[in-house]
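The figures that follow rest on heavy atoms only: side chains count, while hydrogens, waters and symmetry mates do not.
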Amino acid sequence: MHDGTNLYALDISGASFVKACGGPCTEGCVTLAPIGEGAWALGDSKRPDAQPLRFTTEELAAAGVDPARFGLGA
């Protein structure tokens, strides 16, 4: 389990991002990728060149983001 320190030091070059869409993703979607045990990268498909934000599983839960909505397990 990642404690949340140095999340930005984790290499995400091989991360596989998936979209969570509640409807037709014509305007873009939030993307999520596991980047370590208990660590996640959250991106924006409308801005693929933007650096994804990084969170622990606990931080995602506090923000109301459920990895299961992306087809991912926490």
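- Under the side-chain contact (heavy atoms from CB on, under 4.5 Å) criterion, A15 pairs with I12, F17, A33, I35, not counting sequence neighbours.
- At distances below 3.5 Å, not a single donor-acceptor pair connects side-chain atoms of R54 with backbone N or O atoms of N6.
- The minimum heavy-atom distance linking Q51 with Y8 is given by the pair NE2-CD2, 4.2 Å.
- Side chain to side chain, W40 and T57 meet the donor-acceptor criterion of an N or O pair below 3.5 Å.
- Side-chain contact between D44 and V30 is absent, with no heavy atoms from C-beta onward closer than 4.5 Å.
- With contacts defined as side-chain heavy-atom distances shorter than 4.5 Å, the pair L7/T56 qualifies.
- Smallest separation of non-hydrogen atoms from P67 and L32: CA-CD2, 3.9 Å.
- You'll find the side chain of S45 reaches within 4.5 Å of the side chain of T31, heavy atoms only.
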